[in-house]
Peer 1: 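Below is a structure I'd like to ask you about.
Whatever order the structure lists ligands and atoms in, that order sets their numbers, starting from 1. Please read all numbers here as calculations on a predicted model, not as lab measurements.
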Amino acid sequence: MEFTDLGLSEPILKALSAKKYTAPTPIQQKAIPVLLQGHDLCGIAQTGTGKTAAFALPSLDYFARNPKPTPLRGCRMLVLSPTRELAAQIAQSFRDYGRFLKLSVETVFGGVPINRQIKALSQGVDIVVATPGRLLDLIDQKAFTLDKVEVLVLDEADQMLDLGFIHALRRISQLVPEDRQTLFFSATMPKQIQELVGKYCRNPVKVSVTPESSTA
Ligand code: AMP
């Protein structure tokens, strides 16, 4: 299978060939068609499987086909990440894959001055990649809202729980619109994560690229 078989639009295919990607990885093969149809997704996948492109490419495709002004102090897509390093990496992937589209991408995480972020978000952005704590700080300061989010991604959800973000994630789930697409990724699916999937996703299509633990 090749990327050209997946129904992605021309600017995205062009960006992929600039990166010399030809074949989609297994998670990309499974997730991209489902996401292009607008379904919610629950993916069990680790780093290194190509999961970032699996959620970035169909979302970029959606924004390419459905252009809209960015909402003031808001965004059209929110990606939640456990760490600032991962957030920066994801944002770079969106910039790379979206280089032939006119979409704005910003990161939001702690450890850097908040005022610069407030300014960057004031006119609205297409895609925000955030860690949960700083995101809620901005919301509490009325510098940002989630009420125009169309696509929500939780990446490495198990890591976010390990870092103590459960309350933040419960709060964020109350702040996003009901009518949205949700993409949920985790390397493991313990009970607490399954509960979170239930809170966030509507009839998610489940894809997995790691074999189930027991091979009796
Ligand atoms: P990820 O699991 O999203 O962190 O991606 C792991 C690495 O694989 C990253 O360096 C990506 O740039 C790269 N990658 C993702 N998809 C593909 C692909 N289809 N072909 C080649 N490399 C890829």
Peer 1: Which pairs pass side chain to side chain donor-acceptor pair (under 3.5 Å) with one or both residues in residues 97-109, sequence neighbours excluded?
Peer 2: Ser104-Asp126
Peer 1: Out of Ala54, Ala56, Gly50, indicate the one that has the non-hydrogen atom closest to atom 1 (P) of ligand 1.
Peer 2: Gly50
Peer 1: Say whether Gln92 and Asp96, considering side chains only, have a donor N or O and an acceptor N or O under 3.5 Å apart.
Peer 2: yes
Peer 1: Going by the order shown, which atoms of ligand 1 are within less than 4.0 Å of some heavy atom of Thr52?
Peer 2: 1 (P), 3 (O), 4 (O)
Peer 1: Do Gln29 side-chain atoms and Pro24 backbone N/O form a donor-acceptor pair below 3.5 Å?
Peer 2: yes
Peer 1: Check whether any side-chain N or O of Asp40 sits under 3.5 Å from a backbone N or O of Thr182 as a donor-acceptor pair, and report yes or no.
Peer 2: yes
Peer 1: Determine yes or no for a side-chain-to-main-chain donor-acceptor pair under 3.5 angstrom, with Asp61 supplying the side chain and Leu8 the backbone.
Peer 2: no
Peer 1: Please confirm whether Thr47 comes within less than 3.5 Å of ligand 1 when only nitrogen or oxygen atoms on both sides are compared.
Peer 2: no
Peer 1: What part of Gln28 sits under 4.0 Å from ligand 1 if we count only heavy atoms: the side chain, the backbone, both or neither?
Peer 2: side chain
Peer 1: Show which atoms of ligand 1 fall inside a sub-4.0 Å distance from at least one heavy-atom site of Phe3.
Peer 2: 19 (N)
Peer 1: Val151 and side chain to side chain contact (heavy atoms under 4.5 Å, CB included): which partner among Arg180, Arg76, Met77?
Peer 2: Met77
Peer 1: Under 4.0 Å from a heavy atom of Ala23: give me the atoms of ligand 1 that qualify, with their elements.
Peer 2: 18 (C), 19 (N), 20 (N)
Peer 1: Verify the contact flag for atom 9 (C) of ligand 1, where contact means a protein heavy atom under 4.0 Å away.
Peer 2: no
Peer 1: Note the single closest protein heavy atom to atom 6 (C) of ligand 1, along with its residue, its atom name and the distance in Å.
Peer 2: Gly48 CA, 3.7 Å
Peer 1: Determine yes or no for a side-chain-to-main-chain donor-acceptor pair under 3.5 angstrom, with Thr83 supplying the side chain and Leu86 the backbone.
Peer 2: yes
Peer 1: If we count only non-hydrogen protein atoms and require a distance under 4.0 Å, does atom 3 (O) of ligand 1 qualify as touching the protein?
Peer 2: yes
Peer 1: When you measure from atom 13 (C) of ligand 1 to every protein heavy atom, which one gives the shortest distance, and what is it?
Peer 2: Tyr21 OH, 3.4 Å
